[in-house]
Amino acid sequence: MVEASDLALFALLAEAGSFRKAAEQARMSTPGLSKRISRLESALATQLVFRNTRNMALTEAGRRLLTHASAVKQHQEAALAEVSSLSNSLRGQLVVSAPTISGDILLSDLVADFCTRYPEVRVDLRLDNRYVDLVRDGIDIAVRTGTLQDSSLRARWLIDSDWVVCTTPDYLSQHGSIVAPEQLQQHNCLIYALQDGGPRNWLFAREEGTYSVTVDGNLEANNAQVLKKAALRGLGVIYVPRCLVHRELDDGELLPLLTPHTAKSQGVYAITPFARHATPAVRCLIDEIASAYRAHAHWFCSAQK
C-alpha cells in the first residue's frame, strides 16, 4: 500500500537532488530516508531512483510519478499550514452547545458579538437541554449545569446558579401566603420536567440538612420559559433558576418565596473534550463566556449570598 507521506518524501528527494540533503530537510537520517524510498518502490513494484555513493537520478517511472508526488507534497504542506494558522489565530469553525436558558439570557448576544469581532470564526450555536456527547457530536465547547461525571472532559467553573421559588402577588392574594416548604403541597406547583432529582421533588434546607418536598400541579414542561410565562399569568408557583426570572423579580412581577429554605444551587461549567487541542478561538470564547457570567453574577445569585 502506497502511503502519502512516502510520496511526499519522494518529491522532496527529487527537489533536493540527493539523499543527504533531502534527509536533512526532512529531519531524518539518510538510511531512514533510503528505507522509505525503498518501501515506496516495493509498493509500486518498480525502481524510481538510480543511486550510487555520489549521485542519484530518477528513472522513467520516477519522472512520471514525480508530478503526482509533488501534488501530494503540496497538499500536505497546505494542510499543515492551515492547521498551524488555526493554532495561532482566531479562525475556523466552533460548535457550541448550551442549555436554552443560558442561550436565551446570555450566550446568544455574546456569540453574536464574538462573531462580529472575529469574522473569520464560524460559530454553530446549538441550544439544547439534553446532555450531548461532545466527541461524538463534534462539540468544541459545551456549557453545562449540574454535576459533572465524565472524566474525559475538561471543565472550567463559571458560576453557581441558584434556584428560586416564586409566584405573582395576585396568586398569593388569591391562594394565601406560603411561609413553609410543606405548604407547597396545597398549591398549584408548575413542574420543570428536566429538574435533577425528579421534577416533582423540590429541594430545601433545614438544620438537619437538605430534604425534598413532593409537589404537584396541572402544568409540566421541559422548557422553563413556558413555566415562567404561566406563572406570570397567575397559574401557580415555580421553582426555576434565578437567572431565568431575575428581571421579573427585580420588577416585582414575581415574588421570591421561602428564600431562607431554598437549597437548590448548581455549578455552571464550560466543557471541552480532553482529546481535542484547544485552539485560540476556543480559549478566547471560553474566556469571554466566563467574563460574561461574572459580569452578570447578580442574575444567578441572590444579594444575600
Side-chain angles (χ1 to χ4, degrees), residues 98-110 127-129 143-146 158-181 183-205 210 212-213 215-269 289 292-305:
T100 54
I101 294 175
S102 296
D104 290 342
I105 70 169
L106 193 63
L107 295 181
S108 56
D109 290 335
L110 183 149
L127 301 183
D128 197 333
N129 290 323
V143 175
R144 285 186 174 173
T145 302
L158 300 173
I159 203 166
D160 286 330
S161 175
D162 293 345
W163 286 47
V164 61
V165 179
C166 57
T167 190
T168 61
D170 286 345
Y171 179 88
L172 292 177
S173 67
Q174 293 180 31
H175 299 279
S177 62
I178 303 172
V179 296
Q183 289 180 283
L184 291 169
Q185 294 176 324
Q186 282 74 54
H187 287 266
N188 192 39
C189 296
L190 312 183
I191 307 301
Y192 182 43
L194 299 181
Q195 180 174 272
D196 291 345
R200 288 171 174 76
N201 297 324
W202 289 10
L203 191 65
F204 296 96
T210 59
S212 64
V213 172
V215 300
D216 202 2
N218 67 349
L219 176 62
E220 179 174 342
N222 65 356
N223 186 307
Q225 288 279 8
V226 172
L227 303 182
K228 181 178 81 169
K229 291 179 180 180
L232 287 169
R233 294 171 66 91
L235 182 60
V237 183
I238 54 175
Y239 197 0
V240 293
R242 190 183 191 282
C243 59
L244 177 70
V245 293
H246 69 93
R247 288 189 179 90
E248 291 77 12
L249 292 173
D250 290 344
D251 295 341
E253 294 180 79
L254 292 173
L255 298 179
L257 306 173
L258 308 170
T259 302
H261 304 284
T262 52
K264 192 171 179 64
S265 184
Q266 295 179 310
V268 182
Y269 303 87
I289 290 172
Y293 274 97
R294 287 194 299 270
H296 297 90
H298 57 290
W299 291 3
F300 296 85
C301 304
S302 62
Q304 289 86 352
K305 289 194 73 172

Practice task
Rounded to the nearest 0.5 Å, what's the gap from CH2 on Trp299 to CG on Asp250? Could you check?
Solution key: 10.5 Å
Exercise for the section: First locate atom CG of Leu227, then atom SG of Cys166, and finally report the distance between them rounded to the nearest 0.5 Å. Expected result: 10.0 Å
Problem - Residue list, side chain to side chain contact (heavy atoms under 4.5 Å, CB included) with Pro169, at least two apart or on another chain - result: Leu255
Exercise for the section: Test side-chain contact (heavy atoms from CB on, under 4.5 Å) on Asp104 and Leu127 and set out the steps. Expected result: CA-CA 9 Å; Asp104 290 342; Leu127 301 183; 4.2 Å; yes
Handout entry: Donor-acceptor under 3.5 Å (Thr145 side chain, Val268 main chain)
Key = no
Problem - Residues that Asp128 engages under salt bridge (Lys or Arg N to Asp or Glu O under 4.0 Å), provided they are two or more places apart - result: Arg130
Fill in the blank from the handout: To the nearest 0.5 Å, atom CG of Asp162 lies from atom CZ of Arg242 at 8.0 Å
Exercise for the section: Could you name each residue pair satisfying salt bridge (Lys or Arg N to Asp or Glu O under 4.0 Å) that touches residues 216-239, not counting sequence neighbours? Expected result: Arg200-Asp216, Arg200-Glu220, Lys228-Glu248
Practice task
Applying ring pair (Phe, Tyr, Trp, His ring centres under 6.0 Å), name anything that partners His298, two or more places apart in sequence or on another chain.
Solution key: none
Practice task
Give a yes or no on whether the backbone of Glu253 and the side-chain of Asp251 come within a donor-acceptor separation of less than 3.5 Å.
Solution key: no
Handout entry: Qualifying residues under side chain to side chain contact (heavy atoms under 4.5 Å, CB included), relative to His175, sequence neighbours excluded
Key = Tyr171, His187
Problem - Side-chain heavy atoms of Phe204 within contact of Leu184, under 4.5 Å - result: yes
Exercise for the section: Kindly write out the residues that satisfy side chain to side chain contact (heavy atoms under 4.5 Å, CB included) with Asn201, not counting sequence neighbours, or none if the list is empty. Expected result: Ser212, Thr214
Practice task
Could you tell me the separation between the CG atom of Leu110 and the CD1 atom of Ile105, rounded to the nearest 0.5 Å?
Solution key: 12.0 Å
Exercise for the section: Quick one: closest heavy-atom pair of Pro256 and Thr259, and the distance? Expected result: CB-OG1, 3.9 Å
Exercise for the section: List the steps and the verdict of side-chain contact (heavy atoms from CB on, under 4.5 Å) for Thr168 and Leu254. Expected result: CA-CA 5 Å; Thr168 61; Leu254 292 173; 3.8 Å; yes
Handout entry: Flag, side chain of Asp160 to backbone of Ser265, donor-acceptor distance under 3.5 Å
Key = no
Fill in the blank from the handout: Scanning both residues in full, the closest heavy-atom pair of Ala224 with Val240 reads CB-CG1, 4.5 Å
Fill in the blank from the handout: Separation between CD1 (Ile159) and SG (Cys243), nearest 0.5 Å, reads 9.0 Å
Problem - Pairwise side-chain contact, Phe300 with His246, heavy-atom cut-off 4.5 Å (strictly under) - result: no
Exercise for the section: State, to 0.1 Å, how close Ala231 and Leu190 come at their nearest heavy-atom pair, and which atoms those are. Expected result: N-CD1, 3.9 Å
Practice task
Report yes if some heavy atom in the side chain of Tyr192 is under 4.5 Å from a heavy atom in the side chain of Pro199; otherwise report no.
Solution key: no
Handout entry: Min side-chain heavy-atom separation Leu257-Val237 under 4.5 Å
Key = yes
Handout entry: Parallel, tilted or perpendicular: ring planes of Trp202 versus Tyr239, cut at 30 and 60 degrees
Key = perpendicular
Exercise for the section: With the side chain counted from C-beta on, respond yes when Asn218 and Asn188 share a heavy-atom pair under 4.5 Å apart, and no when they do not. Expected result: yes
Handout entry: Non-hydrogen side-chain atoms of Tyr293 and Val143 separated by less than 4.5 Å
Key = yes
Fill in the blank from the handout: To the nearest 0.5 Å, atom CD1 of Ile101 lies from atom CG of Asn223 at 7.5 Å
